[in-house]
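Have a look at the structure below, then the notes.
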Amino acid sequence: MSQDKLQDPMIQVDWLYEHLNDPSLVILDCRFILGQPDAGRAEYDAGHIPGATYISLESDLSGQKTEQGHGGRHPLPNISAMEELFSQIGIDQHTTVVAYDGDDMAMAARLWWMLRYVGHERVYVLDGGYAAWNRANYPTSTEILQRKSRSFTANVQSDMLLTKSAIEQREATIPLLDSRAPERYRGDVEPLDYKAGHIPGAECFFYKNTLQSDGTLKTKEQLQNHFGELLQQKQIMVYCGSGVTACVNLLALMRAGRADAKLYGGSWSDWSSYKDSPVATGDE
């Protein structure tokens with residue numbers, strides 16, 4: 001397909017419409033609302049891009065949580081679970097995957113990151129998601145198709161994923177981007193996790209600031225200006241609340257030219273679950 005292994009991780013709705021009937025294309029609907037675990041599936045059932053398969057953040061893109069909270073609110077599934085999931089929904093080395101969601105591309109970006117983590121490079125996010133598809137007046141469907149399963153074998157890119165110890169041991173000059181809203185970064189509020197604040201040394205880069213007003217991703221030039229000099233650093237590390245919205249920043253960094261930025265998978269929900277983890281507050 002013409003989009004094979006492009007540097008830009010985004011797909012436009014016009015391209016997707018033109019390729020709807022391509023048998024090597026897998027479309028995944030990742031709509032999900034935190035706190036309402038059944039809402040995304042209900043939206044999918046009410047209407048979706050023709051041929052799309054539904055994928056849930058909670059049941060498909062997250063693994064088992066621990067009682068202590070270590071690993072975070074949305075820990076990654078183990079590798080065998082990812083291989084099983086991707087095989088069941090018809091992904092192998094010959095398929096191109098396009099993921100979309102209904103809001104800010106965070107859920108679709110999570111899937112995009114996970115597939116790249118297990119070695120599948122031909123995966124993209126639909127720019128602007130389901131809203132952009134509807135704005136273009138393209139057809140929707142309520143039909144649920146059963147895709148033929150394929151055999152997916154992981155080729156884990158372990159250097160993409162950071163643990164708590166890697167964050168603790170990072171060099172002071174390596175930028176660490178906190179993708180959460182500024183009020184959570186500062187510690188003004190904390191609705192979800194054990195402690196309020198941020199990892200000492202982290203900079204606030206709210207993931208929604210990478211988006212245009214219509215929910216599409218900003219241009220390469222806009223993003224290069226947004227991230228500025230940190231793009232010249234030898235490494236970039238990114239986290240959020242639970243390893244989901246940070247993936248939008250990773251999309252944006254890839255468009256800006258840094259496909260090598262790394263994700264702290266457990267993110268703040270993992271960091272704050274340890275009593276001895278240092279916490280910074282305010283704008284420091």
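Values reported hereafter were calculated over all heavy atoms of this structure, with side chains retained and with hydrogens, waters and symmetry mates removed. Note that this is a predicted model, so its numbers are computed, not measured.
Residues R170 and Y264 have side chains not in contact (no heavy-atom distance under 4.5 Å, counting atoms from C-beta outward). Considering only heavy atoms from C-beta on, P75 stays 4.5 Å or farther from Q64 through its side chain. Considering only heavy atoms from C-beta on, L161 stays 4.5 Å or farther from V156 through its side chain. Using a 4.5 Å cut-off on side-chain heavy atoms (C-beta onward), I91 and R150 make no contact. Between R180 and W268 there is a side-chain heavy-atom pair separated by less than 4.5 Å. Inter-residue side-chain proximity for L76 and W113 is flagged as met; some heavy-atom pair is nearer than 4.5 Å. I236 is listed as a side-chain neighbour of P175, based on a closest heavy-atom distance under 4.5 Å. Under the 4.5 Å side-chain criterion, counting only non-hydrogen atoms from C-beta, L61 is not in contact with F32.
Listed for the K208 side chain is no donor-acceptor partner under 3.5 Å among the backbone atoms of A181. No donor-acceptor distance shorter than 3.5 angstrom exists from the side chain of T140 to the backbone of I49, with no hydrogens or angles considered. Between the side chain of K195 and the backbone N or O of S277 there is at least one donor-acceptor pair closer than 3.5 Å. A donor-acceptor pair is defined here as one N or O able to donate and one able to accept, closer than 3.5 Å; no such pair exists between the side chain of S62 and the backbone of H74. Formation of a donor-acceptor pair under 3.5 Å by the E190 side chain with backbone atoms of L192 is found in this model. No donor-acceptor pair closer than 3.5 Å links the side chain of T96 to the backbone N or O of L25. In this structure a side-chain-to-backbone donor-acceptor pair under 3.5 Å is present from Q157 to N155. Counting only distance, with no hydrogens or angles, the side chain of Y185 and the backbone of A202 share a donor-acceptor pair below 3.5 Å. With hydrogens and angles ignored, the 3.5 Å screen pairs no side-chain donor or acceptor of Q235 with any backbone N or O of I174. Using a distance-only test at 3.5 Å, with no hydrogens or angles considered, no donor-acceptor pair links the side chain of T216 to the main chain of Q212.
Under a cutoff of 6.0 Å and an axis angle of 45°, R258 and F227 do not form a cation-pi pair.
Ring pair H48/Y100: centre-to-centre distance not below 6.0 Å.
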Query raised in the report: Would L217 and L223 count as a side chain to side chain contact (heavy atoms under 4.5 Å, CB included) if you check the C-alpha gap in whole Å, the side-chain angles of each, and the deciding distance to 0.1 Å?
Result: CA-CA 9 Å; L217 196 64; L223 292 170; 4.1 Å; yes
Query - Chi angles and distances behind the side chain to side chain contact (heavy atoms under 4.5 Å, CB included) call for L111, D60 - result: CA-CA 9 Å; L111 175 65; D60 297 316; over 6 Å; no
Report task. Carefully, step by step, assess K220 and Q224 under the rule side chain to side chain contact (heavy atoms under 4.5 Å, CB included). Result -> CA-CA 6 Å; K220 179 178 181 178; Q224 287 176 335; 3.3 Å; yes
**Report entry** Full working for side chain to side chain contact (heavy atoms under 4.5 Å, CB included) between L263 and M160
**Finding:** CA-CA 6 Å; L263 173 68; M160 290 175 55; over 6 Å; no
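The two residues G187 and A196 make their nearest non-hydrogen contact at O-CB, 3.6 Å. For S269 against G72, the heavy-atom pair with the smallest separation is OG-CA, 3.2 Å. Residues P77 and M114 approach most closely at CD-CE, 3.8 Å, considering heavy atoms. Closest approach of P50 to P139, counting heavy atoms only: CD-O, 3.2 Å. Between V238 and L176, the closest heavy-atom pair is N-CD1, 4.4 Å. The two atoms that bring G215 and L211 nearest to each other are O-CD2, 4.1 Å, heavy atoms only.
Inspection of the D101 and Y130 side chains reveals no N or O donor paired with an N or O acceptor under 3.5 Å. Between the side chains of D8 and Y124, no donor-acceptor pair is found at a separation under 3.5 Å. In this structure, a donor-acceptor pair under 3.5 Å is absent between the side chains of Y54 and D45.
Salt-bridge formation is not detected for the pair E58/R41: no Lys NZ or Arg NE/NH1/NH2 atom is positioned less than 4.0 Å from an Asp or Glu carboxylate oxygen. Between R184 and D193 there is a salt bridge, since at least one side-chain N of the basic residue sits less than 4.0 Å from a carboxylate O of the acidic one.
For E143, the side chain to side chain contact (heavy atoms under 4.5 Å, CB included) partners two or more places apart in sequence, or in a different chain, are S141, L145.
Distance SG/C204 to CG/N209: 8.0 Å, rounded to 0.5 Å. Distance CE/M237 to CG/L162: 5.0 Å, rounded to 0.5 Å. To the nearest 0.5 Å, atoms CZ (R147) and CD1 (I27) are separated by 8.5 Å.
For E229, the CD atom sits in a loose shell: 12 or fewer heavy atoms of surrounding residues, nucleotides or ligands are nearer than 6.0 Å. The local environment of CG in N21 is sparse, with at most 12 non-hydrogen atoms from other residues, nucleotides or ligands closer than 6.0 Å.
Ring geometry, Y274 versus H70: the interplanar angle falls under 30°, so the pair is classed parallel (tilted spans 30 to 60°).
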